[in-house]
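What you are looking at is a predicted structure, and each value in this text was computed from that prediction instead of being measured.
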Amino acid sequence: MQIGKKILLSFTVIIASIVIMGYLIVTTTQDNLIDNIGQDYSQSLSDVVSEMVQGIDEKTFGLIEISDRRLVYEILEESNSQSIDLTDAQINETNIAWNDALNQDQTLPIADEILDNTLSEKLSFSSNLIETKFSYPIYDQIGIYNQVGILVAYDGTVPQYYVSDSEWWSTTVSTGYFVDDISYDDLGIYSQDIAIRIDNEDGEFLGILKTTIQLQDLIGGIHDLQQTNKFLDTEISLLDDKGQVIYSTVGLEFGENISLVEFLLMSEKSDYYITDSAEGSDILKVYAKPDQTSLPLGWNLVVEKNIDEVLSPVIVLTNIILIVLVTTIMSAIIVGLYIKTSISKPLIELRDASSQIADGNFDVYFDIKTDDEIGDLANKFEYMRDSINFTNSNLTDLVKLRTDELERALAKIEKNDSWTKSIMGFISKKTNQSIVDITKNVDLLKNDKLTKDEVLRSIDTTLSQLKLVTATVTDISNLEQGKLSYDMNDVKINEIITSSVKDIEPPKKVVMDIKPSDEAHVFADAHQLGRALRYISDIFMTYLDEGVIQIKTTVDENNITIQFASDTKIDSDIFSPLDENEAGIAQADHILLYMAKVILKDHAGTTIIDDSDDKTLVSISMPTVEV
């Protein structure tokens with residue numbers, strides 16, 4: 001595939017990716033927004049409906065608390081004990097007379113007697129106090145009945161006298177409460193009959209409180225909720241546990257049933273769901289149930305909001321994304337075409353030029369002048385063309401040049417081979433000499449020409465020399481690889497000099513001229529520096545048939561000079577690594593001297609050889625350190 005097509009395909013993939021990402025962003029944002037609003041609305045509604053139900057709890061159970069629960073227990077227990085002596089005929093007779101008087105708007109003396117007791121007075125006081133708190137009439141009728149269903153106290157509005165044959169009575173006795181359906185009268189008043197069972201502290205049944213409560217404050221609370229910023233432009237409905245409408249701002253009638261599907265969705269799904277409206281638009285419905293309370297009223301508070309209003313921020317975001325997306329696509333197309341042109345054209349020129357070069361035409365010309373990688377490639381291509389042309393024109397000379405380089409490499413290999421042979425010769429020579437010395441001493445010991453101590457001392461000296469040879473071989477290998485290592489410390493140079501020549505034996509004579517006043521300290525590896533001095537001493541010892549070796553030190557302000565002198569001339573090139581010289585110094589010994597020179601150089605030392613007047617003088621200068 002051509003590069004231009006690849007570029008356009010790449011930009012197409014990028015554009016498609018942007019479109020997909022934009023779609024995913026919008027849909028994800030919509031889902032998250034709906035979920036957040038649904039949960040937020042549901043929590044707020046749950047708080048509101050919980051407050052409603054809590055208010056019913058306060059209006060019902062508060063009557064007993066404010067009226068003094070202990071007094072309620074005492075009055076009911078007294079009434080229950082008195083009711084034991086009453087026959088069913090007496091109770092029925094009183095109940096019939098009570099109902100007749102009630103139908104004729106009259107009261108019996110027993111009604112006045114009940115109304116005047118302490119509990120009735122407390123009950124009236126409690127109802128008035130609660131109505132004052134809520135600022136509107138709440139109770140239509142309040143009555144407290146003993147355990148057989150006889151009225152014990154009421155708030156002034158005459159209720160029934162005997163109620164044990166009522167359905168609400170049996171329900172309350174068995175379950176602890178009775179909650180009737182909400183009623184709605186012609187005056188627009190919402191009310192609900194509620195009864196609660198009264199037990200003493202031991203859980204024994206004493207009686208029942210029954211009242212009718214008006215629910216006007218609930219309707220006012222729904223209207224107040226609809227005026228808040230959060231629920232502005234929403235429709236709110238209050239439903240009972242059967243799915244019947246209690247109140248609705250949508251226009252649903254009281255007692256109207258919502259659809260079974262909607263009721264099931266509201267019951268099974270959590271927090272919210274989305275449904276279709278009659279006009280075909282999507283509606284977000286959020287519902288909430290109250291928290292657990294003493295009275296399970298089962299109310300549901302439902303809020304409806306048009307999904308387009310919910311998603312209005314996302315719609316704005318979508319429009320912005322569309323504008324950005326269209327702009328990005330157009331820009332991508334323009335950039336893609338520009339890149340296609342700026343890359344493809346010079347690459348085609350380079351391709352054509354390479355074809356001509358392959359055919360042997362090195363005079364091909366191409367005009368690519370760009371300050372980018374393509375321009376750099378063109379420059380490299382032009383350089384390659386000139387290189388190929390030069391190589392083609394000068395092939396013979398280049399072959400000769402490469403041949404000379406190969407010969408030099410072979411010579412270097414031969415030289416390295418000579419280095420290896422010299423090292424092996426050094427090892428062989430030193431090892432053989434040590435073996436000969438040990439064998440000679442053993443023979444002398446056998447023939448009783450030397451004492452045992454003399455032989456052991458001689459063998460010990462020979463083994464020390466052999467150990468030095470082994471260490472020297474290791475250092476030669478490290479020297480070849482450039483890996484000599486040092487453990488640098490402040491050391492006394494005179495001690496190192498003395499130690500390096502202590503094993504020298506006659507017929508060579510060594511004269512030491514080291515003054516105690518010239519004691520100097522240097523920063524050095526004592527072991528390596530001593531070895532270098534020993535190598536130099538060994539050369540003097542090996543190549544001087546007779547005479548005296550003089551070792552002298554001189555200390556000035558910042559340096560110490562060590563001099564090795566003899567009255568025999570040794571070639572001045574003794575420190576070169578391999579070459580034979582007029583004095584006939586073996587290559588292995590050259591290696592030792594070369595190593596000594598390297599060690600001294602690594603210690604900032606300089607080495608000078610003076611062989612004038614048929615004498616040899618080696619001067620080594622090193623910096624001293626203050627103690």
Side-chain angles (χ1 to χ4, degrees), residues 57-130 138-180 193-213 294-295:
D57 272 9
E58 292 180 7
K59 294 168 187 174
T60 305
F61 291 94
L63 287 171
I64 296 176
E65 298 300 331
I66 298 176
S67 299
D68 187 349
R69 182 177 292 273
R70 176 54 55 188
L71 176 64
V72 173
Y73 290 170
E74 291 176 357
I75 297 296
L76 285 174
E77 288 173 353
E78 181 181 354
S79 175
N80 289 334
S81 64
Q82 293 174 356
S83 298
I84 295 176
D85 299 330
L86 296 175
T87 64
D88 291 341
Q90 291 175 323
I91 294 174
N92 288 331
E93 181 182 353
T94 304
N95 186 46
I96 292 171
W98 182 285
N99 290 334
D100 290 341
L102 187 63
N103 292 332
Q104 299 173 12
D105 292 331
Q106 298 176 356
T107 58
L108 296 177
I110 191 174
D112 294 333
E113 181 181 343
I114 295 173
L115 183 63
D116 291 339
N117 69 28
T118 306
L119 182 56
S120 294
E121 292 177 355
K122 282 279 190 177
L123 200 60
S124 298
F125 172 79
S126 301
S127 64
N128 291 331
L129 186 64
I130 293 175
I138 292 177
Y139 306 102
D140 280 343
Q141 197 175 66
I142 304 174
I144 295 180
Y145 300 86
N146 66 13
Q147 62 184 7
V148 297
I150 296 175
L151 183 66
V152 174
Y154 65 98
D155 65 340
T157 304
V158 182
Q160 291 180 299
Y161 173 74
Y162 183 66
V163 295
S164 65
D165 56 352
S166 302
E167 180 181 355
W168 65 264
W169 171 268
S170 58
T171 300
T172 306
V173 171
S174 60
T175 64
Y177 58 84
F178 170 78
V179 178
D180 200 2
D193 290 342
I194 297 177
I196 58 173
R197 173 172 163 157
I198 303 173
D199 295 336
N200 63 14
E201 294 174 349
D202 297 328
E204 297 174 349
F205 173 54
L206 297 180
I208 290 176
L209 180 145
K210 181 178 182 296
T211 182
T212 300
I213 298 178
S294 301
L295 293 174

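- A donor-acceptor contact shorter than 3.5 Å is absent between the side chain of Ser166 and the backbone of Trp169.
- When side chains are defined from C-beta on, Thr157 does not count as touching Tyr139, because their heavy atoms never get closer than 4.5 Å.
- Between the Asp202 side chain and the Glu204 main chain, no donor and acceptor come within less than 3.5 Å of each other.
- Residue pairs satisfying the salt bridge (charged side-chain N to carboxylate O under 4.0 Å, His left out) criterion with at least one member in residues 102-130, sequence neighbours excluded, are absent.
- For Ser126, the side chain to side chain donor-acceptor pair (under 3.5 Å) test picks out Ser67, with sequence neighbours left out.
- Scanning for side chain to side chain donor-acceptor pair (under 3.5 Å) contacts around Thr212 gives Asp193, with sequence neighbours left out.
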Donor-acceptor contacts, no H, no angles, side chain residues 70-77, under 3.5 Å, sequence neighbours left out:
{"from": "Arg70", "atom 1": "NH2", "to": "Glu201", "atom 2": "OE2", "distance (Å)": "2.9"}
{"from": "Tyr73", "atom 1": "OH", "to": "Arg69", "atom 2": "NH1", "distance (Å)": "3.0"}
{"from": "Tyr73", "atom 1": "OH", "to": "Asp199", "atom 2": "O", "distance (Å)": "2.9"}

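- Glu78 meets the salt bridge (charged side-chain N to carboxylate O under 4.0 Å, His left out) test with no other residue; sequence neighbours excluded.
- Here the closest heavy-atom approach between residue Ser120 and residue Ile114 is recorded as OG-O, 2.7 Å.
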Next on the checklist: side-chain contact (heavy atoms from CB on, under 4.5 Å) for Tyr162 and Thr94? Distances and angles first, verdict last.
Outcome noted: CA-CA 9 Å; Tyr162 183 66; Thr94 304; over 6 Å; no
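- Considering CG of Leu63 and CD1 of Ile142, their distance stands at 4.5 Å, rounded to 0.5 Å.
- With rounding to the nearest 0.5 angstrom, the CD1 atom of Ile208 is 10.0 Å from the OG atom of Ser164.
- Residue pairs satisfying the ring-ring contact (aromatic ring centres under 6.0 Å, His included) criterion with at least one member in residues 77-128, sequence neighbours excluded, are listed as follows: Trp98-Tyr161.
- Interatomic distance, OH of Tyr145 versus CD1 of Ile198, reported as 11.5 Å (0.5 Å rounding).
- With sequence neighbours excluded, the residues that form a side chain to side chain donor-acceptor pair (under 3.5 Å) with Asp140 are Gln214.
- Residues satisfying the side chain to side chain contact (heavy atoms under 4.5 Å, CB included) test with Thr175, not counting sequence neighbours, are Thr171, Tyr177.
- With 3.5 Å as the limit, one finds no donor-acceptor pair spanning the side chains of Asp155 and Ser127.
- In terms of the side chain to side chain contact (heavy atoms under 4.5 Å, CB included) criterion, Glu93 has no residue partners (sequence neighbours excluded).
- Atom CD1 of Ile213 and atom CD of Gln141 lie 12.5 Å apart (nearest 0.5 Å).
- The structure places CG of Asn146 at 5.0 Å from CG of Asn80, a figure rounded to the nearest 0.5 Å.
- Remark: side-chain polar atoms of Tyr154 are paired, donor with acceptor, to backbone N or O of Ala111 under 3.5 angstrom.
- Taking the side chain to side chain contact (heavy atoms under 4.5 Å, CB included) definition, one finds that Gln106 meets it with Ala101, Gln104, sequence neighbours left out.
- Remark: Ser81 engages no residue in a side chain to side chain contact (heavy atoms under 4.5 Å, CB included) (not counting sequence neighbours).
- The side chain to side chain donor-acceptor pair (under 3.5 Å) test applied to Asp100 returns no partner, not counting sequence neighbours.
- Between Arg197 and Gly203, the shortest heavy-atom contact is NH2-O, 4.4 Å.
- With rounding to the nearest 0.5 angstrom, the CG atom of Asn92 is 11.0 Å from the CG atom of Leu86.
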